[in-house]
Amino acid sequence: MAVLVTGGAGYIGSHTCVRLLEAGYDVVVADNYYNSSPAALERVKKISGRDFKTYEVDMLDKPGLEKAFEENRIDSVIHFAGLKAVGESVEKPLLYYRTNIGGTLNLLELMVKYGVNTIVFSSSATVYGIPEKVPVTEESPLSAINPYGMTKLNIEGILRDCQAAQPDLSVVLLRYFNPIGSHKSGLLGEDPKGIPNNLLPYVSRVALGIYPHVNVYGGDYPTKDGTGVRDYIHVVDLAEGHVKALGWAAENKGAGVFNLGTGEGYSVFEIIAAFEKACGRRVPYQVTGRRAGDAPIVFADCRKAKAELDWAAVRGIDEMCRDAWNFVSKNPEGIK
Ligand code: WQD
């Protein structure tokens with residue numbers, strides 16, 4: 001029996017595949033390599049010492065995706081595949097709704113057809129919008145402030161509705177905060193194509209000398225130093241949360257929702273300073289205007305994941321930055 005990992009060649013997906021294989025699960029990966037590389041899967045095999053089947057397929061290609069179900073005994077799914085750039089989602093909402101929601105509907109219909117009763121979904125703290133209160137709990141108000149966030153919110157609702165209609169279905173919604181860092185080998189890491197939207201990959205490329213400075217989006221927020229505060233979590237801690245989620249699903253039917261964060265908030269300036277310490281280089285920056293849609297402060301209350309998943313993040317900000325630098329300094333051209 002195997003876990004089907006959609007988007008398994010991606011940043012979080014590849015790190016999760018390593019932990020699944022190390023935990024003894026069999027894995028099947030489906031990925032269209034739109035924002036990833038098949039080379040990442042070869043590195044997953046190298047790190048884990050285990051082989052697994054891969055399908056180069058788009059989630060919108062239902063017949064192609066069905067091959068993964070026809071040719072393997074799939075008993076659970078971890079669903080990462082989807083578009084994830086907030087800014088792009090504002091420019092191309094239909095692409096995001098079609099890809100993220102349409103792809104998920106294809107997956108769910110195939111799960112019903114093949115009797116697969118467990119799905120762990122890659123949701124996001126973006127479903128909290130601009131929170132009134134922090135830390136955010138799983139019961140905090142939900143709101144979408146961009147089409148990307150709306151797709152996450154809609155897919156959470158679709159999964160809850162499917163579970164209500166099919167009581168033997170186990171659904172786990174994992175709301176990630178800000179994943180950063182890399183596997184300690186330096187073989188896997190965040191490797192966005194094009195100009196990074198997220199802070200860490202951009203800071204990394206400034207440290208490499210690819211870009212001249214970081215644009216700090218806003219220095220006048222009501223925060224400790226005026227810059228945006230986020231809950232950064234090591235991607236390996238996040239990957240381990242998915243293994244725990246499968247354990248929860250094996251014991252529980254119904255829909256579970258969990259914040260996967262550290263409960264700590266760090267500002268942009270603190271991240272830049274931590275990264276400079278990790279890489280031993282200066283990271284110049286310029287404070288610019290705020291980015292539309294950014295919240296001043298977002299960080300998690302993750303007591304529920306500790307209590308019900310027996311999971312907590314254990315890696316601190318220095319380790320996150322050290323591991324992130326280890327990856328980019330070993331792979332300045334990304335994963336080829
Ligand atoms: C972090 C902080 C920015 C870039 C988003 C999505 C979330 C997930 C992660 C997909 C903020 C500041 C950033 C830069 C900056 N997406 N910043 N200069 O916006 O918290 O979360 O990405 O998985 O769902 O919502 O992450 O890294 O873009 O921003 O000053 O060049 O860094 O203003 O305060 P964000 P981010």
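Numbering of ligands and ligand atoms starts at 1, following listing order. Below, each value reflects all heavy atoms present in this structure, side chains not excepted, and no hydrogens, waters or symmetry copies.
Residue L199 has at least one nitrogen or oxygen atom sitting less than 3.5 Å from a nitrogen or oxygen atom of ligand 1, judged on distance alone.
Residues Y211 and Y202 place their aromatic rings such that the two centres sit under 6.0 Å apart. For H242 and Y25, the gap between ring centers reaches or exceeds 6.0 Å.
Close approach to V216 involves these atoms of ligand 1, each under 4.0 Å from a residue heavy atom: 30 (O). Each of the following atoms of ligand 1 lies closer than 4.0 Å to a heavy atom of Y148: 10 (C), 16 (N), 23 (O), 24 (O). Taking every heavy atom of N178 and a limit of under 4.0 angstrom, the matching atoms of ligand 1 come to 20 (O), 21 (O), 26 (O), 35 (P). Contact atoms of ligand 1 toward T126: 24 (O), 25 (O) (distance under 4.0 Å to a heavy atom of the residue). Taking every heavy atom of N197 and a limit of under 4.0 angstrom, the matching atoms of ligand 1 come to 4 (C), 28 (O). In summary, the atoms of ligand 1 found under 4.0 Å from a heavy atom of K84, numbered by their order in the structure, are 10 (C), 23 (O).
Counting heavy atoms from C-beta outward, Y266 and N178 have side chains that stay 4.5 Å or more apart. Using a 4.5 Å heavy-atom cutoff, the side chains of T151 and T104 are not in contact.
In terms of hydrophobic clustering, with Ile, Leu, Val, Met, Phe, Trp and Tyr side chains grouped at heavy-atom distances under 4.5 Å, V18 and I233 are assigned to a common cluster.
The proximity of R291 to ligand 1, defined as any non-hydrogen pair under 4.0 Å, is limited to the side chain. Contacts between T227 and ligand 1 below 4.0 angstrom, taking non-hydrogen atoms only, are absent altogether. Contacts between N198 and ligand 1, counted as non-hydrogen atom pairs separated by less than 4.0 Å, involve both the backbone and the side chain.
Between F258 and W248, the ring planes lie perpendicular to each other; the angle is over 60°, past the 30° to 60° tilted range. Aromatic ring orientation, Y176 versus F80: tilted (interplanar angle from 30° to 60°). Ring-plane geometry between Y148 and Y96 is classed as perpendicular, the angle between the planes exceeding 60 degrees on a 0 to 90 degree scale with a lower cut at 30.
The heavy atom nearest to atom 30 (O) of ligand 1, out of those in Y217, Y202, Y285, Y11, is found in Y217. Distances from atom 24 (O) of ligand 1 to the heavy atoms of G228, A295, S124 show the closest one on S124. Of the listed options N146, I195, D294, D294 places a heavy atom closest to atom 3 (C) of ligand 1.
For atom 12 (C) of ligand 1, the closest heavy atom belonging to the protein is V268 CG2, 3.8 Å. Nearest non-hydrogen protein atom to atom 18 (N) of ligand 1 is N215 O, 2.7 Å. Of the protein's non-hydrogen atoms, the one nearest atom 6 (C) of ligand 1 is V86 CG2, 3.9 Å. Residue, atom and distance of the protein heavy atom nearest to atom 20 (O) of ligand 1 are R230 NE, 2.7 Å.
Between E66 and K113, at least one side-chain nitrogen of the basic residue sits less than 4.0 Å from a carboxylate oxygen of the acidic one, meeting the salt-bridge criterion. Taking a cutoff of 4.0 Å between a charged side-chain nitrogen and a carboxylate oxygen, R290 and D220 qualify as a salt bridge.
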Item to check | Criterion side chain to side chain donor-acceptor pair (under 3.5 Å) on N72 and K53, from CA distance to verdict | outcome: CA-CA 9 Å; N72 304 279; K53 287 169 77 173; 3.0 Å; yes
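Distances from ligand 1 to the non-hydrogen atoms of Y232 include at least one value under 4.0 Å.
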